[in-house]
Amino acid sequence: MKYKFNNNWTTDNGGVDLNSKEVDRYILVTPSENQIRLAEKPFYCFIHFGMNTATAREWGTGSETPSDFTIKSIDAAQWVKTIKASGATGVILTCKHHDGFCLWESDYTDFSVKNSAFQGDIVKMVSDECHKQGIDFGVYLSPWDMHDERYGTEAYNDYFCNQLTELLTNYGEVFEVWFDGAKGSNAVKFEYDWERYYAIIRSLQPKANIAICGHDIRWVGNEGGKTRKSEYSVVPSCLCDVEKTMKNSQQDESQASSLQKYKSTDEDLGSRKVLEKNAYLSWYPAEVDVSIRKGWFHSDNENKTVKSSKKLFWLYLNSVGKNCTFLLNVPPAANGVIHSKDVRSMKGLGKKIKALTENPILIDKPGRLSDDNGYIDFNFDRERKLNYVILKEDISFSQRVEAFDLYIRKSNGTFKKVFGGTVIGSQRIVCVKGKKCVGARLVIRQSRSNPVIKSIGFYE
């Protein structure tokens with residue numbers, strides 16, 4: 001088969017402008033320093049633990065008391081060790097879920113661990129262990145609060161800010177602050193003072209990214225690990241609208257399963273057709289949040305639903321490998337430890353992620369491609385069984401590649417196309433499945449100005 005290698009970004013560029021004022025507008029949108037750090041550590045874990053763990057619920061009722069939190073001890077070291085074994089680089093702890101129960105000894109409410117049978121500050125135990133074992137620590141603080149009587153009044157915004165300040169000043173450096181818009185259908189209508197919350201975070205933890213009701217990280221749109229064919233980071237600024245995120249978030253406990261189903265309503269978020277209609281654009285990368293179990297809090301009834309290491313690795317490839325970050329929830333049980341089935345899957349995932357890059361064939365750093373460099377050839381030292389190719393753009397120059405093809409070169413000198421893709425972004429992982437070859441060719445078909453390739457790695 002004869003391939004048309006000369007039809008590339010240096011020639012027809014897929015029939016669209018290579019350079020123009022409109023293209024300049026797109027590539028001027030670049031990530032912040034915090035977002036660049038995020039792209040360098042794209043896999044981290046949620047820990048859902050709290051009152052719901054003790055009461056065996058997914059959502060609370062608002063009528064719980066501190067005495068209902070019957071858990072007396074936790075093994076924070078085991079939690080962090082399990083997460084590290086998976087290859088994850090950080091933990092986000094549910095410091096307060098919708099039930100309002102605080103896992104730290106807050107000065108602003110009696111509804112916390114300080115009035116329960118538990119002796120100690122769970123947030124401090126987990127954050128200390130994260131810092132000790134060398135991984136990042138983040139916090140989840142539910143804006144909706146079923147329990148607090150101030151909810152629905154301006155006094156609650158003051159209370160929430162006091163809570164946020166405690167979490168951001170007493171537990172070391174925080175890498176991510178996670179807000180959602182989940183709210184019961186019968187909850188009091190109430191406007192959160194988001195800008196005030198953001199100002200506190202920027203002041204106290206300037207290196208922290210804010211997700212999902214925030215301007216740094218967007219929700220991918222489902223809880224099933226599904227991503228788009230083309231997951232863009234440069235998107236219309238209106239997607240940062242917190243109220244829209246809240247409207248699309250879970251509004252009822254019964255919706256948990258429906259949110260795991262992929263919805264294609266907003267399949268295209270960043271193509272030229274979308275961007276040209278929007279005056280304001282933002283760098284707003286997607287985060288894929290998935291639980292290792294059916295539910296977000298541990299239940300002994302769901303031990304059979306624990307995802308295998310093979311399934312978790314597929315989720316990793318489909319998120320980290322498609323220009324997203326991956327937030328995997330691993331909920332400890334009421335006995336204070338992560339269940340052995342979850343531990344086994346996490347260890348298996350870590351081995352698979354490590355094996356992905358364990359046998360490098362060739363790693364190259366092309367950088368900014370010149371106007372006559374429509375495709376790049378790579379020569380291996382001998383015939384190899386190619387399994388994975390990992391491509392990365394230098395996102396400090398924005399996200400530019402819109403279409404590319406990957407070919408392998410056989411020992412007889414002929415080429416075979418093994419992959420055709422659209423965007424690359426911070427990272428694109430291509431599975432080649434052990435095909436024998438002596439080299440490869442990357443053809444960039446379409447780009448927003450000259451592509452800037454940070455690296456391309458070939459692995460056996």
Side-chain angles (χ1 to χ4, degrees), residues 41-50 52-53 56-59 75 78-94 97 135 138 140 178 180 211-212 219-228 231 250 253-263 286-322 324-356 388 427 429 431 433:
K41 294 182 175 181
F43 172 36
Y44 38 96
C45 288
F46 237 152
I47 290 182
H48 274 64
F49 184 81
N52 291 338
T53 311
R57 295 190 180 105
E58 276 293 296
W59 276 20
D75 190 345
Q78 188 252 5
W79 296 6
V80 176
K81 182 180 179 182
T82 297
I83 284 167
K84 275 194 72 175
S86 73
T89 59
V91 164
I92 298 176
L93 177 66
T94 55
H97 205 251
I135 67 173
Y140 164 92
W178 210 92
D180 63 5
I212 288 295
W219 183 41
V220 76
N222 64 85
E223 295 175 351
K226 302 296 184 181
T227 53
R228 296 166 179 81
E231 201 66 71
Q250 192 173 345
E253 182 177 0
S254 64
Q255 290 182 353
S257 60
S258 65
L259 283 174
Q260 294 178 17
K261 295 178 182 177
Y262 178 55
K263 297 180 180 179
E287 180 181 88
V288 176
D289 60 327
V290 182
S291 184
I292 195 172
R293 292 167 166 259
K294 180 181 179 180
W296 288 87
F297 286 90
H298 178 93
S299 170
D300 287 336
N301 296 329
E302 295 180 353
N303 289 340
K304 292 182 179 180
T305 70
V306 174
K307 294 176 177 64
S308 66
S309 59
K310 182 178 180 181
K311 175 64 174 179
L312 294 178
F313 186 56
W314 180 87
L315 289 167
Y316 177 90
L317 294 175
N318 200 52
S319 54
V320 173
K322 293 182 70 176
C324 300
T325 57
F326 183 30
L327 177 58
L328 175 63
N329 178 60
V330 187
N335 64 358
V337 300
I338 296 173
H339 192 276
S340 59
K341 289 193 71 172
D342 305 59
V343 171
R344 187 162 53 250
S345 288
M346 293 291 278
K347 285 183 178 178
L349 172 60
K351 290 179 180 178
K352 291 180 184 298
I353 292 174
K354 185 179 179 181
L356 200 159
Y388 296 101
Q427 188 167 195
I429 302 176
C431 304
K433 299 182 179 179

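Quick note: numbers below take in every heavy atom, side chains included, and nothing from hydrogens, waters or symmetry partners. For this chain, numbers begin at 1 and follow the sequence in order. Remember, it's a predicted structure, so these values are computed and weren't measured experimentally.
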(message) Between V330 and I338, does the side-chain contact (heavy atoms from CB on, under 4.5 Å) criterion hold? Intermediate values first, please.
(response) CA-CA 8 Å; V330 187; I338 296 173; 3.9 Å; yes
(request) Tell me, with the steps shown, if L328 and F43 meet side-chain contact (heavy atoms from CB on, under 4.5 Å). (result) CA-CA 8 Å; L328 175 63; F43 172 36; 3.9 Å; yes
(message) What verdict does the side-chain contact (heavy atoms from CB on, under 4.5 Å) test give for L93 and H48, after you've listed the backbone C-alpha separation in whole Å, the side-chain angles of each residue and the deciding distance to 0.1 Å?
(response) CA-CA 6 Å; L93 177 66; H48 274 64; over 6 Å; no
(message) Determine whether F326 and V290 satisfy the following criterion, side-chain contact (heavy atoms from CB on, under 4.5 Å), listing intermediate values before the conclusion.
(response) CA-CA 8 Å; F326 183 30; V290 182; 4.3 Å; yes
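L317 approaches C431 most closely through the heavy-atom pair CD1-SG, 3.9 Å. Across P42 and C324, no two heavy atoms sit closer than the pair CB-O, 4.2 Å. The two residues V306 and S345 have their closest heavy-atom pair at CG1-OG, 3.8 Å. In terms of heavy-atom proximity, I83 sits nearest to G90 at CG2-O, 4.0 Å.
You'll find the side chain of D75 stays beyond 4.5 Å of the side chain of P332, heavy atoms only. At least one side-chain heavy atom of R228 sits under 4.5 Å from a side-chain heavy atom of V220. T82 places none of its side-chain heavy atoms less than 4.5 Å from the side chain of D342. Side-chain contact between E223 and V288 is absent, with no heavy-atom pair separated by less than 4.5 Å. Counting heavy atoms from C-beta outward, N318 and L315 have side chains that stay 4.5 Å or more apart. Residues N329 and I47 form no side-chain contact, since every pair of their non-hydrogen atoms from C-beta on lies 4.5 Å or further apart.
A donor-acceptor contact under 3.5 angstrom links the side chains of N303 and R293, judged on distance only. Judged by distance alone, the side chains of W59 and N52 never bring a donor and an acceptor atom under 3.5 Å apart.
Heavy atoms from other residues, nucleotides or ligands lying under 6.0 Å from NZ of K341 number more than 12.
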For residues 346-356, dump all side-chain donor-acceptor pairs below 3.5 Å to protein atoms at least two apart in sequence or in another chain.
none

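The six-membered or imidazole ring of H97 lies near that of Y140, with a centre-to-centre distance under 6.0 Å.
Formation of a donor-acceptor pair under 3.5 Å by the E287 side chain with backbone atoms of L327 is not found in this model. Side chain of T53 to main chain of A333: no donor-acceptor pair is present (N/O by atom type, distance under 3.5 Å, no hydrogens or angles). Side-chain N or O atoms of E302 include none that pairs as donor or acceptor with a backbone N or O of S299 at under 3.5 Å. Side-chain N or O atoms of W219 include none that pairs as donor or acceptor with a backbone N or O of A211 at under 3.5 Å.
Relative orientation of the F313 and Y316 rings is parallel, given thresholds of 30° and 60° on the angle between their planes.
If you take CH2 on W178 and CD1 on I212, they are separated by 5.5 Å, rounding to the nearest 0.5 Å. A distance of 9.5 Å separates CD of E58 from CH2 of W296, quoted to the nearest 0.5 Å. Note that the CD1 atom of I92 and the OH atom of Y44 stand 6.0 Å from one another [nearest 0.5 Å].
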